[in-house]
Amino acid sequence: MNPLLLQYLPDIEVKNLRDIDRQVASQVLQWEVQAAADTEPQTLLCLAVASVMVSVALGKGQVCLPLTSCALPEWREFWQEHSLLASSQLADCRTVYVADAKLKTAVGDFHDYAQQPLVLHGNNLYLARYFFYERGVLTQIHQRLALQPELNDAELSHTLMQLFGEPAAVNSDADSTAVIDWQKVAAASACSRNFAVITGGPGTGKTTTVTRLLSALLSQNPQMSIALAAPTGKAAARMTESIRGAKLRAQQSSETSLPFAEQIPDDSFTLHRLLGWSPRGFRYNANRHLPFDCVVVDEASMVDLPMMYHLFQALAADTRLILLGDRDQLASVEAGSVLADLCDAGVQHGPDAGFAQRLQQLTGFDLASVTEEPVSPMQNAVASLRVSHRFTADSGIGQLAAAVNNSAQQRADEVLRTFEDVRFVGVSPLAEQPFWQQSQWQQTLVDGYRDYAEALRAFAANKADANDVFSAFNRFQILVALRQGPYGVEQVNQRAERLLQAAGLIDTRASASGWYAGRPVMISRNEYDLGLFNGDIGIALPVTDEQGKPTLKVAFPDADGGVRYLLPSRLPAHETAFAMTVHKSQGSEFDHLCLLLPEQWQSVITRELIYTAITRAKKTFTLFSGHNCWQQGLATRVQRASGLRDALWQ
């Protein structure tokens, strides 16, 4: 360890302290000592502890370090022991730029306002780069909220009626009121803003809504150019599939029409490809804007703060940005929880009275019941889809997701006991056999992949095609919360292979290379030249090569409904995918979803993770978990410190 750290940082027993955390603290201390040789030892001690902690916080997805509390459960005891951290002490350090608490949203070039490695803004301590990202996003949001697009409201109202139909009236004792079509309200809201967020749970119709609102915008401006994007290749492919499906359903409907459907794109980008990423940086940036009038980003909950910053920078001032996502899902793997911050997740907001009146004129719906006093300019930019068309009142999956989202432990347990499409299987450390040897686990896994094995046999006998194999594979999936250990994705995949081998469903002995017919793999690194992206699923299938010899190739579905084959040796980094982490499952759906949680709770297991897993299931959900882990997970929320939510909503 660096001598400065040995001198000023106590010998602390902390979990998961990384080399980079020590390195950050070391460099900050060296900077401070070189810049100010007279800094008090107590202040250096404060700086050393704060530097380590801000780096650890960033590694845990926090944008900043709140000096008044600690959002990391495993660090709270250490935090209390070292309560010497104080804004006044840090403000005396040459390495800390103290930002005015009333700092305007507009900021210039990074080096214009802070050349120090740390920024103190209020009670939040940042690595300077992340303060720059946060202020840049905030600046862009305020600028876009202040710039209202020109619309012909009468024409827009007529178009929305064509797209969504007339309001349906229901009788009541008092009067006749329209049943609110939240999709229509969300479309009207997004059409009226240069920046809009449409959030909703599974089955609420986010893609249907955005397809129709794009049609409405094209009716106002037929020359409008549109780009569709998502954080990952898998999410982009699903967006393409969903948009095509929405266009097809509209064409087949006798009740509504979809003007300018042919101008709504059928393809989509990953955000990296949209912005033209290369090792030298992004092709599109503040100096070279994207050539689109409207950009739509799906699965926005997966977008981290730096990527959101780069996206905003690449947009012209008058380019529309529409974000789609479920604010209650897991946040991005990297730092930030931008979508949750934009929506003030955990609080249901409605439009202010003035905007509600305009929405009523556009849609015909009285929104008085959801109107609230002005609290933030964001409240008129966020539209919530509140009705699931996938899960009905008799759906245990929908009921369980709602209970988990509200941390309602008793209701969640009641749903698991009373609904047939969800079930709980306890995993106990006191059991005579580990979970992978228990009959319920083995039966669930074998039954889950039995259709897949039959599809593989049919493919080998030329009685099914590759799309049939993919369809069968998507009927069942195991999700886990961890990467390592007995409940981690690596070991669970190994045990799944052995169990399926023992059941005669696959033959893992076919090749010494680790490849066998039916091996599903998930790509873990983008490979643009091959058109493969992080999260893409491929399946090894027996085919014949150009010389007519039998061989194994990995099949991947393409955006046009076809399949392409690649040699295993050509694939970028990948891993077996009988089981995958909940993070990797975002943007996917499976008929039967099995979530495996450990016996004892760990800090990564939160209600957002459990909710995300449940909402990947379409028909059946099975939970294997320790009781303590299940209960603690429901009681634990993701807490990602940032200044974005406070700046927008307080």
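Along the sequence shown, residues are numbered consecutively beginning with 1. Everything numeric here is computed off the predicted structure, so don't read it as measured data. Keep in mind that the numbers below use all heavy atoms, side chains included, and drop hydrogens, waters and symmetry copies.
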Chemist: In terms of the angle between their ring planes, are Y516 and F578 parallel, tilted or perpendicular, with boundaries placed at 30° and 60°?
Modeler: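 Ring orientation, 0 to 90° scale: parallel.
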
Chemist: Is the shortest side-chain heavy-atom distance between E589 and N474 below 4.5 Å?
Modeler: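 A side-chain contact is absent here, since even the closest heavy-atom pair is not under 4.5 Å.
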
Chemist: Assess the residue pair D266 and K247 against the criterion (salt bridge (charged side-chain N to carboxylate O under 4.0 Å, His left out)); give the C-alpha distance rounded to whole Å, side-chain angles, the decisive distance to 0.1 Å, and a yes or no.
Modeler: CA-CA 9 Å; D266 277 330; K247 290 166 68 174; 3.0 Å; yes

Chemist: Passes salt bridge (charged side-chain N to carboxylate O under 4.0 Å, His left out), R238 versus E299? Steps please.
Modeler: CA-CA 10 Å; R238 281 194 58 81; E299 296 291 350; 5.9 Å; no

Chemist: Do any N or O atoms from the side chain of T199 and from the backbone of G325 form a donor-acceptor pair under 3.5 angstrom?
Modeler: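 At least one qualifying donor-acceptor pair exists.
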
Chemist: Could you state the interatomic distance from CD (Q602) to OH (Y487), rounded to the nearest 0.5 Å?
Modeler: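 Here the interatomic distance stands at 10.5 Å.
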
Chemist: For the pair S524 (side chain) and A573 (backbone), establish whether a donor and an acceptor sit closer than 3.5 Å, ignoring hydrogens and angles.
Modeler: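 Yes, S524 side chain to A573 backbone: donor-acceptor pair under 3.5 Å.
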
Chemist: Examine distances only and state if a side-chain atom of T622 and a backbone atom of C594 form a donor-acceptor pair shorter than 3.5 Å.
Modeler: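 Such a contact is absent between T622 side chain and C594 backbone.
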
Chemist: Assess the residue pair L530 and R570 against the criterion (side chain to side chain contact (heavy atoms under 4.5 Å, CB included)); give the C-alpha distance rounded to whole Å, side-chain angles, the decisive distance to 0.1 Å, and a yes or no.
Modeler: CA-CA 9 Å; L530 292 176; R570 297 191 65 195; 2.9 Å; yes

Chemist: If we ignore angles and hydrogens, is there a donor and acceptor under 3.5 Å between the side chains of Q491 and R495?
Modeler: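 There is such a pair (donor and acceptor under 3.5 Å, judged by atom type) between the side chains of Q491 and R495.
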
Chemist: Would you say the side chain of E497 lies within less than 4.5 Å of the side chain of Q501, judging by non-hydrogen atoms?
Modeler: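 Sidechains of E497 and Q501: no contact.
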
Chemist: Could you tell me whether the side chain of D421 and the main chain of I397 form a donor-acceptor pair under 3.5 Å?
Modeler: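 Between the backbone of I397 and the side chain of D421 there is a qualifying donor-acceptor contact (under 3.5 Å).
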
Chemist: Within the side chain of R320, is there an N or O that forms a donor-acceptor pair under 3.5 Å with the backbone of A190?
Modeler: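 Judged by distance alone, yes, a pair lies under 3.5 Å.
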
Chemist: Taking the six-membered ring for Trp, are the ring centroids of Y126 and F132 within less than 6.0 Å of each other?
Modeler: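 No.
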
Chemist: Within the supplied structure, the quantity of interest is the number of heavy atoms (other residues, nucleotides, ligands) at a distance under 6.0 Å from R457 CZ; does it exceed 12?
Modeler: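 Yes, because the 6.0 Å sphere around CZ of R457 holds more than 12 heavy atoms from other groups.
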
Chemist: CD of Q62 to OG of S55: how many Å apart, nearest 0.5 Å?
Modeler: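 It comes to 12.5 Å.
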
Chemist: CD1 of I198 to CG of L323: how many Å apart, nearest 0.5 Å?
Modeler: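 Interatomic distance, I198 CD1 to L323 CG, rounded to 0.5 Å: 9.5 Å.
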
Chemist: Checking T139 side chain against R135 main chain: does a donor-acceptor pair fall under 3.5 Å?
Modeler: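 Yes: the side chain of T139 pairs with the backbone of R135.
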
Chemist: Could you check whether any side-chain heavy atom of L571 comes within less than 4.5 Å of a side-chain heavy atom of F556, counting everything from C-beta outward?
Modeler: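 Yes, close enough: below the 4.5 Å cut-off.
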
Chemist: State the CD-CG distance between Q263 and N221, to the nearest 0.5 angstrom.
Modeler: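 Interatomic distance, Q263 CD to N221 CG, rounded to 0.5 Å: 9.5 Å.
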
Chemist: What I'd like to find out is whether the side chain of L482 reaches to under 4.5 Å of the side chain of V604, using heavy atoms alone.
Modeler: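 Yes, at least one pair of side-chain atoms sits under 4.5 Å.
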
Chemist: Would you confirm whether D468, through its side chain, and D465, through its main-chain N or O, come within 3.5 Å as a donor-acceptor pair?
Modeler: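 Answer holds: yes.
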
Chemist: So, does T207 use its side chain to make a donor-acceptor pair with the main chain of I243 at under 3.5 Å?
Modeler: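 Answer holds: no.
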
Chemist: Walk me through whether L644 and L138 qualify under side chain to side chain contact (heavy atoms under 4.5 Å, CB included).
Modeler: CA-CA 7 Å; L644 186 60; L138 186 62; 4.1 Å; yes

Chemist: Looking at A340, is its backbone amide N or carbonyl O close enough to the side chain of S337 to form a donor-acceptor pair, meaning the two atoms are under 3.5 Å apart?
Modeler: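 No; judged by distance alone, with no hydrogens or angles, the pair does not exist.
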
Chemist: Looking at Y611, is R607 sitting on its ring face, NZ or CZ under 6.0 Å from the six-membered ring centre and within 45 degrees of the normal?
Modeler: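 Because its charged atom misses either the 6.0 Å distance or the 45° angle limit, R607 does not stack over Y611.
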
Chemist: Looking at residues at least two apart in the chain, or sitting in another chain, which of them share a side-chain hydrogen bond (donor to acceptor under 3.5 Å, both in side chains) with R475?
Modeler: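 R475 satisfies side-chain hydrogen bond (donor to acceptor under 3.5 Å, both in side chains) with no other residue.
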
Chemist: If we only count heavy atoms from C-beta on, is the L552 to L541 side-chain gap below 4.5 Å?
Modeler: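 Sidechains of L541 and L552: no contact.
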
Chemist: Distance from S332 atom OG to L305 atom CG, nearest 0.5 Å?
Modeler: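 Between S332 OG and L305 CG, I get 8.5 Å after rounding to 0.5 Å.
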
Chemist: Side chains of F624 and L597, heavy atoms from C-beta outward: is any pair under 4.5 Å?
Modeler: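 Not in contact.
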
Chemist: For the side chain to side chain contact (heavy atoms under 4.5 Å, CB included) test, which of L214, I264, L321, L213 pairs with V296?
Modeler: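 The single option meeting the side chain to side chain contact (heavy atoms under 4.5 Å, CB included) with V296 is L214.
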
Chemist: Looking only at heavy atoms, which two atoms of V489 and A579 are closest? And how far apart?
Modeler: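 Looks like CG2-O, 3.4 Å.
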
Chemist: What's the verdict on side chain to side chain donor-acceptor pair (under 3.5 Å) for D341 and S642, showing C-alpha distance, side-chain angles and the deciding distance?
Modeler: CA-CA 8 Å; D341 290 345; S642 82; 2.8 Å; yes

Chemist: Any chance you could measure D591, atom CG, to K619, atom NZ, to the nearest 0.5 Å?
Modeler: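 Going from the CG atom of D591 to the NZ atom of K619 covers 4.5 Å.
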
Chemist: Has L567 got more than 12 heavy atoms of other residues, nucleotides or ligands less than 6.0 Å from its CG?
Modeler: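 Above 12, so yes.
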
Chemist: Determine, step by step, whether S225 and D293 satisfy the side chain to side chain donor-acceptor pair (under 3.5 Å) criterion, reporting the C-alpha distance in whole Å, the side-chain angles of both residues, the deciding distance to 0.1 Å, and the verdict.
Modeler: CA-CA 5 Å; S225 56; D293 301 314; 3.1 Å; yes

Chemist: Holding to ring pair (Phe, Tyr, Trp, His ring centres under 6.0 Å), I want the full list of residues that pass it with Y452, two or more places apart in sequence or in another chain.
Modeler: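 If we apply the ring pair (Phe, Tyr, Trp, His ring centres under 6.0 Å) test to Y452, skipping adjacent residues, the hits are F473.
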
Chemist: Centroid separation under 6.0 Å, is that true for the rings of Y133 and F312?
Modeler: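 No, the ring of F312 stays outside the 6.0 Å limit from the ring of Y133, centre to centre.
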
Chemist: Tell me if the aromatic rings of F590 and F476 count as close, with their centers under 6.0 Å from one another.
Modeler: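 Ring centroids of F590 and F476 are no less than 6.0 Å from each other.
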
Chemist: Is there a donor-acceptor contact under 3.5 Å from the side chain of T232 to the main chain of A235?
Modeler: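 Yes, T232 side chain to A235 backbone: donor-acceptor pair under 3.5 Å.
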
Chemist: Quick one, E575 with K584, criterion salt bridge (charged side-chain N to carboxylate O under 4.0 Å, His left out). Give me CA distance, side-chain angles, the key distance, then yes/no.
Modeler: CA-CA 12 Å; E575 56 192 24; K584 291 284 190 178; 5.6 Å; no

Chemist: After noting the C-alpha distance and the side-chain angles of E527 and R525, does the key distance pass the salt bridge (charged side-chain N to carboxylate O under 4.0 Å, His left out) rule?
Modeler: CA-CA 6 Å; E527 181 57 66; R525 190 189 73 233; 3.7 Å; yes

Chemist: State, yes or no, whether a side-chain contact exists between Q477 and R616 at a heavy-atom distance under 4.5 Å.
Modeler: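 No, every pair of side-chain atoms sits at 4.5 Å or beyond.
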
Chemist: Can Q329 and E608 be said to form a side chain to side chain donor-acceptor pair (under 3.5 Å), step by step?
Modeler: CA-CA 5 Å; Q329 277 190 191; E608 288 85 358; over 6 Å; no

Chemist: So, do M307 and H272 sit near enough that their side-chain heavy atoms are less than 4.5 Å apart?
Modeler: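 In short, these two side chains touch, coming nearer than 4.5 Å.
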
